[in-house]
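Quick notes on the structure that follows.
Basis for what follows: all heavy atoms, side chains included, without hydrogens, waters or symmetry-related copies. Chain naming here is simple, since letters A, B, ... match the order of the sequence lines and numbering starts at 1 in each.
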Amino acid sequence: MLFDFDALTLARMQFAFTMSFHIIFPAFSIGLASYLAVLEGLWLWKSEQVYRDLFNYWKKIFAVAFGMGVVSGIVMSYQFGTNWSVFSDKAGPVIGPLMGYEVLSAFFLEAGFLGVMLFGEKRVGPGLHYFATLMVAVGTLISATWILSVNSWMQTPAGFSINAAGQFVPEDWWAVIFNPSFPYRFVHMVLAAYLTTAFVVSGIGAWHLLKDTTSRGARVMFSMAMWMAALVAPIQIFAGDLHGLNTLEYQPAKVAAMEGHYDTHAGAPLILFGIPDDEAEVTRYQLAIPKLGSLILTHHADGEVKGLKAFLKEQRPPAEIVFWSFRLMVGIGFLMLGIGLWSLLRRLQKNKLYEDRWLHRAALLMGPSGFVAVLAGWVTTEVGRQPYTVYGLLTTAQSASPIAAPAVATSLVAFIIVYFFVFGAGVFYILRLCGKSPDHVPPEIEHGPSHAAGINPGPALKAGG
Amino acid sequence: MAIDLPFIWAGLIAFAVLAYVILDGFDLGVGILFPLAKKEHDRDVMMNSVAPVWDGNETWLVLGGGGLLAVFPLAYALIMPALYAPLIAMLLALVLRGVAFEFRWRTKRGQFLWDWAFSGGSLVATFAQGMALGALVQGIPVVNRTYAGGWWDWVSPFTLLTGVALVMGYALLGATWLVMKTEGELQETSRKQAWVTGVATIALIGAVSLWTPFLEPLYFARWFAWPAMLFSAIVPLLVLVCIYGLYTGLRDKSDYRPFFSSLGLFVLCFVGLGISFYPYIVPPSLSIWDAAAPDKSLGFLLVGALILIPLILAYTAYSYWVFRGKVDPHEGYH
């Protein structure tokens, strides 16, 4: 079936597939690295065993997730060239150095200190070990900064000119890096990573509370994660709104698709639900609130909101996808806010936070919601900027490599098989680690090199003595 | 502007690729030798000898790719599609072997699967890298900023030879690394493997070196024209020094000498490759100046590279220092 598509469609499918798998892991590891730094800091500060237990508990999960992030990331750094060579040639002079800085300032930092963080506890002192944990956390944030700058530049290009060979050439690096959508996208994504992690942590904490409400580790992680949800979810909704306004200014066609507007309105309604039809240029079965769309987007009840018909048909993004992915993301955002508020209410009553089984069930259900929201958000912004790779300047069709369809289809099938096998197993192992009790966590796993001591009696005696 | 930025960057990219080859070389080599270790305990030790550093080692590959995109975007845009199949194979193989480092400790039942993923992935990634290198040496035809060759150009007797040569070479690095990092029976076995892979590697280096000058008149002129020959002859002489170091190191049962002599061999092969290539980045037609991004891109990243690369080398060295000495079979957080 895959072999029926043209090379461009296949290349896009391949990029979407490998990218979607990849983004899951950084979205988790950015938040988890910071969480680990907080846990180790609390342990060093307060010397309470529970923080050490939680650190060792999440450290093992982090190691598996980070490993998957690394290997799927290596693939990304070559995908630009294998499948989007024309884009690489043209945009390389601008985005290449930013990605170069990401590798130099972030990837090496993470990789260099990850080994010390995971394996070096006995070899370096607690101070140095904490420094390593901090460097890993800082590395993930630096990495996010550069790559979001790259993505934002492709969405809202600035600070460049075009040379004779048709390449984008940097003129003002400050304008390139701090392009108009970068600050919004950066804040929105980092908060999303923190929320994603908070809901994974609270989901796992809730799972253990459901089994044993007295579990100290489960209580601490659940409470910490619920604070994050209560504080960060409202900030995220606010940041998302600002990001949307920025998009309206620079990519009005994307906003029109997100909103499901085909006609330009003064005093546009907010369409809650409906079925956009790009062929007929109409959103059917609308459930809409009059004027609210204009009020949100322009802060005036009668403000003008452009519809998709204001753009040439071949320059519009597909509203059928963007409309729904946007609603999915926003819906999850409000559910997260709801859970956060619920937890705040429960905190008012002594111990109720640890005994409200319905809250725990809801939190468990919301455990993977952050990943869904992150993917839906990226689908919204990436499909919403079609048909361009560099917005308004270079189309996706012009960007592809001159690779024949069968080659792209074959590699796509190979990616699908390997990724499902590898990442399926990885998620299974992570879930299994999550199923273990967060109390009295040994720094080592039962089944590691240590079990070899049973096979070789000599070293076992030495270790025992 | 007096400073030749493309020239400096060609040197830096070459350095990144070399750093990758010698660093990931030994950990891929450990993967290639992995199935030969019969005892589970030995396998654990082999894995643990590279577990803390493999991630940093592969980051040099990302720097090689990302750096090429940044400073020689046209070369990146030509090489990646031309070497599409071997590169995709390499990436998938690296995925499989990379996750094995963590996954094999997470399961007893499925451990054999990840052991296979680790060794199979290491072997395929190495062979693909060797073939890709061979294909680049063979030359990549370019017309109008686009790859103009066929989709199977990367398969030829020469690239098969370079593929096998790299597998042997990495296995040698892996064996000598294990000689340095392990003790007892495993070290003895590794030393024997170092003898075999050492002889095979040297023979294959010889075959590739003799073949290469005849692929391109350019290469031939570089190596055999008078008086350039005087200069390029230094490389083969130094190769002999490294071979001698490897030989005596293995004979005297030295811990360190075999590994560093093998590294020396790799560095010299790389220098030899540089002599053949220069000033081309995509032989036989695209020079480093043709492929370079504008000076504004090169200069901007150079500032960061000059500050950050020494820092990276410092903390990479620190991380190797933390894990120095023989692998303790009881260590590891698992």
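Less than 6.0 angstrom separates the ring centroid of A:Phe421 from the ring centroid of B:Trp114.
Between A:Leu98 and B:Phe300, the closest heavy-atom pair is CD2-CE2, 4.2 Å. The two residues A:Pro93 and B:Pro73 make their nearest non-hydrogen contact at CD-CG, 3.8 Å. The minimum heavy-atom distance linking B:Met80 with A:Tyr78 is given by the pair SD-CD2, 3.5 Å. Shortest non-hydrogen contact noted between B:Tyr84 and A:Ser411 is OH-OG, 2.9 Å. Considering every non-hydrogen atom in both A:Leu104 and B:Gly304, the closest pair reads CD1-C, 4.5 Å. A pairwise comparison of heavy atoms in A:Val418 and B:Leu92 identifies CB-CD2, 3.8 Å as the closest pair.
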Quiz item: Could you go step by step and tell me if A:Phe107 and B:Ile312 meet the side chain to side chain contact (heavy atoms under 4.5 Å, CB included) rule?
Solution: CA-CA 10 Å; A:Phe107 291 169; B:Ile312 290 164; over 6 Å; no
Self-check item: Worked verdict on A:Val71 versus B:Leu94 for side chain to side chain contact (heavy atoms under 4.5 Å, CB included)
Solution: CA-CA 7 Å; A:Val71 292; B:Leu94 289 178; 5.8 Å; no
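Both the backbone and the side chain of A:Ile74 have a heavy atom closer than 4.5 Å to some heavy atom of chain B. Heavy-atom distances place the side chain of A:Leu128, and not its backbone, under 4.5 Å from chain B. Contacts of A:Ser105 with chain B are made by both backbone and side-chain atoms, with heavy-atom separations under 4.5 Å. In this structure, the portion of A:Val124 lying under 4.5 Å from any heavy atom of chain B is its side chain and not its backbone. Contacts of A:Phe113 with chain B are made by side-chain atoms alone, with heavy-atom separations under 4.5 Å and no backbone atom involved. Both the backbone and the side chain of A:Val422 come within contact range of chain B, judged by heavy atoms closer than 4.5 Å. With a threshold of 4.5 angstrom between heavy atoms, A:Val408 approaches chain B through its backbone and through its side chain. Both the backbone and the side chain of A:Glu171 come within less than 4.5 Å of a heavy atom of chain B. Using a 4.5 Å cut-off between heavy atoms, A:Phe66 contacts chain B through its side chain alone, with no backbone atom that close. For B:Leu298, no part sits under 4.5 Å from any heavy atom of chain A, backbone or side chain. Interface remark: B:Ala305 contributes backbone and side-chain atoms alike to the contact with chain A (heavy atom separation under 4.5 Å).
Atom CH2 of B:Trp105 is separated from atom NZ of A:Lys60 by 14.0 Å, given to the nearest 0.5 angstrom. Taking CZ from B:Arg104 and OH from A:Tyr429, the interatomic distance works out to 11.5 Å, rounded to the nearest 0.5 Å. The CG atom of B:Leu78 lies 7.5 Å from the CG atom of A:Asp89; values are rounded to the nearest 0.5 Å. Interatomic distance, CD1 of B:Ile88 versus CZ of A:Phe415, reported as 4.0 Å (0.5 Å rounding). Atom OG of A:Ser77 and atom CG of B:Leu61 lie 6.5 Å apart (nearest 0.5 Å). One distance of note links CD1 of A:Ile95 with CG of B:Leu69; it measures 5.5 Å at 0.5 Å rounding.
Listed for the A:Arg432 side chain is a donor-acceptor partner under 3.5 Å among the backbone atoms of B:Arg106. The backbone N or O of B:Ser297 sits nowhere less than 3.5 Å from a side-chain atom of A:Trp173 that would complete a donor-acceptor pair.
By the 4.5 Å heavy-atom criterion applied to side chains, B:Phe103 and A:Met68 are counted as neighbours. With contacts defined as side-chain heavy-atom distances shorter than 4.5 Å, the pair B:Arg145/A:Gln167 qualifies.
Most heavy-atom pairs under 4.5 Å with chain B, from the set A:Val94, A:Leu114, A:Leu109: that is A:Leu109. Chain A forms more heavy-atom pairs under 4.5 Å with one residue of B:Pro81, B:Gly65, B:Gly66 than with any other, namely B:Pro81. Each of A:Ala425, A:Ala91, A:Ser401, A:Gly67 has some count of heavy-atom pairs under 4.5 Å with chain B, and the biggest count is that of A:Ala425.
With A:Phe108 as the partner, the ring pair (Phe, Tyr, Trp, His ring centres under 6.0 Å) test is satisfied by one option alone out of B:Tyr315, B:Trp60, B:Tyr318: B:Trp60.
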